[in-house]
Amino acid sequence: MTTSSQETENSAVVTFANVRIGFDEGDVLRDVSFAVMPRETIVLLGETGTGKTLTLKLAAGLLRPAQGKIEVMGKEVSSMDEQALLTYRRQLGFVFQEGALFDSISVFENVAYGLREDHISEDEIETRVHEALRFVELEHTADMLPSELSGGMRRRVAIARALATRPPIVLYDSPTAGLDPVTAQTIITLILRLRDVFGVTAMLATHRLQDGFALAKFRFDAESKRVVRIPDTEDATPGNEPATRFVVYREGRVYFEGAPEEFAESKDAYLQRFLASI
């Protein structure tokens with residue numbers, strides 16, 4: 001997997017600057033600003049309706065802000081025309097909450113879909129699809145239909161589809177929602193593998209605070225092929241361990257932005273309510 005040349009240690013991969021967007025009922029996001037550095041994982045938290053999924057759709061160019069600027073990999077997504085957006089979206093991986101698989105075609109064809117859109121050769125498609133399915137340990141499902149899979153397996157196929165195009169950035173929309181604890185842990189392990197083996201930068205929207213702490217406190221060790229805890233004394237920064245930061249929304253604004261440790265140690269009543277939900 002390759003990464004964009006824009007991804008240097010000193011430049012943000014994703015930047016939101018004073019972004020506002022709303023609908024008939026009023027603004028959903030108000031003056032939202034934050035940046036995502038290379039190999040970093042931003043965990044978007046907040047109550048339902050505070051704009052977490054909306055943020056991912058804005059980053060993917062699926063929606064345009066009413067105000068502000070969004071830059072991804074050095075490109076101003078918020079001002080692109082539709083043709084430029086189509087090309088841009090092929091550089092992203094997007095894992096939707098429900099997987100968003102095509103029910104009428106096989107798992108193989110679902111994973112191959114983006115590659116065919118990019119006019120990749122059939123031999124290369126064959127290689128990449130099997131590689132991606134092997135990564136999520138579902139190579140045996142290639143000829144099956146999504147309806148024949150469990151919810152957790154469909155989520156893993158969605159990750160394989162995102163992985164197949166070898167994107168430098170992956171956007172995850174509630175990837176563990178509705179899954180049992182064991183299956184949810186499998187999904188988190190896959191996200192850790194993508195980050196720690198391939199250096200993927202990620203934005204992850206979730207209601208599950210424990211997912212954010214798992215991404216912050218653990219890493220995937222490629223040598224042992226196991227998830228291991230990051231020592232508390234280790235400096236988790238790009239170039240050493242990938243950093244994880246929390247962005248907490250409240251009423252459409254960024255209420256908190258910082259390291260998981262800062263979140264856990266905060267005496268703020270609103271943040272403490274999140275901690276109590278673990």
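- With a 4.5 Å cut-off on side-chain heavy atoms, Phe263 and Leu275 count as touching.
- With contacts defined as side-chain heavy-atom distances shorter than 4.5 Å, the pair Ile169/Val13 qualifies.
- The backbone N or O of Gly199 sits nowhere less than 3.5 Å from a side-chain atom of Arg39 that would complete a donor-acceptor pair.
- A heavy-atom distance below 4.5 Å is found between the side chains of Met73 and Leu92.
- When side chains are defined from C-beta on, Arg250 does not count as touching Thr50, because their heavy atoms never get closer than 4.5 Å.
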Tell me, with the steps shown, if Val111 and Val157 meet side chain to side chain contact (heavy atoms under 4.5 Å, CB included). CA-CA 7 Å; Val111 177; Val157 171; 4.0 Å; yes

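- For the pair Arg30 (side chain) and Gly22 (backbone), a donor-acceptor distance under 3.5 Å is absent.
- For the pair Lys52 and Val247, the minimum side-chain heavy-atom distance is 4.5 Å or more.
- Distance alone, capped at 3.5 Å, is enough to place a donor-acceptor pair between the Ser106 side chain and the Glu109 backbone.
- The main-chain N or O of Ala164 is found under 3.5 Å from a side-chain atom of Arg128 such that the two form a donor-acceptor pair.
- For Leu58 against Pro65, the heavy-atom pair with the smallest separation is CD2-N, 3.7 Å.
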Given side chain to side chain contact (heavy atoms under 4.5 Å, CB included), test Arg161 with Leu101 step by step and report yes or no. CA-CA 9 Å; Arg161 182 176 60 185; Leu101 302 178; 3.8 Å; yes

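- Rounded to the nearest 0.5 Å, atoms CG (Asp27) and CD (Gln67) are 8.5 Å apart.
- Both Ile21 and Leu62 are members of a single hydrophobic cluster when ILVMFWY side chains are connected at heavy-atom separations under 4.5 Å.
- Checked options Tyr249, Tyr270, Phe274; the residue passing with Tyr255 is Tyr270 (criterion: ring-ring contact (aromatic ring centres under 6.0 Å, His included)).
- Under the 4.5 Å side-chain criterion, counting only non-hydrogen atoms from C-beta, Tyr172 is in contact with Leu194.
- Using a cut-off of 4.0 Å between Lys/Arg side-chain N and Asp/Glu carboxylate O, Glu122 and Arg116 are scored as salt-bridged.
- Contact between Thr53 and Ala205 at its shortest, heavy atoms only, is N-CB, 4.4 Å.
- For Phe256 and Phe246, the ring centers are positioned 6.0 Å apart or more.
- In this structure, Ser266 contributes its side chain and Glu262 its backbone to no donor-acceptor pair below 3.5 Å.
- Here the options are Thr201, Ile191, Thr244, the test is side-chain contact (heavy atoms from CB on, under 4.5 Å), and the partner is Thr41; only Thr244 passes.
- Nearest heavy atom pair, residue Leu215 against residue Arg195, reads O-NH1, 2.7 Å.
- No more than 12 heavy-atom neighbours from other residues, nucleotides or ligands sit within 6.0 angstrom of OH on Tyr113.
- The backbone N or O of Leu145 sits less than 3.5 Å from a side-chain atom of Glu148, completing a donor-acceptor pair.
- When atom types are taken as modelled, the side chain of Arg155 and the backbone of Ala177 share a donor-acceptor pair closer than 3.5 angstrom.
- A salt bridge links Arg89 and Glu82; the closest N-O separation between the charged side-chain nitrogens and carboxylate oxygens is under 4.0 Å.
- In terms of modelled atom types and a separation under 3.5 Å, the side chain of Asp196 and the main chain of Phe220 share a donor-acceptor contact.
- Between Phe96 and Phe94, the two ring planes are parallel [angle under 30°; tilted spans 30° to 60°].
- Leu149 and Val182 fall into different hydrophobic clusters, defined by Ile, Leu, Val, Met, Phe, Trp and Tyr side-chain heavy atoms under 4.5 Å apart, directly or through other members.
- With hydrogens and angles disregarded, no donor-acceptor distance shorter than 3.5 Å links the side chain of Ser78 to the backbone of Arg64.
- Between Gln91 and Pro167, the closest heavy-atom pair is O-CB, 3.3 Å.
- Contact of the Arg20 side chain with the Asp31 side chain is not registered, since no non-hydrogen atoms from C-beta on lie closer than 4.5 Å.
- Summarising the geometry, atom CZ belonging to Arg90 is positioned 6.0 Å from atom CG belonging to Leu86; distances are rounded to the nearest 0.5 Å.
- Counting heavy atoms from C-beta on, the side chains of Leu115 and Glu124 never come closer than 4.5 Å.
- Note on Val170 and Val197: same hydrophobic cluster, where clusters join Ile, Leu, Val, Met, Phe, Trp and Tyr whose side-chain heavy atoms are under 4.5 Å apart, directly or indirectly.
- The closest donor-acceptor contact from the side chain of Asn110 to the backbone of Phe102 lies under 3.5 Å.
- Here the straight-line distance linking atom CG of Asp221 with atom CZ of Arg229 works out to 15.5 Å at 0.5 Å rounding.
- Within a 6.0 Å radius of CG in Asp143, other residues, nucleotides and ligands contribute 12 heavy atoms or fewer.
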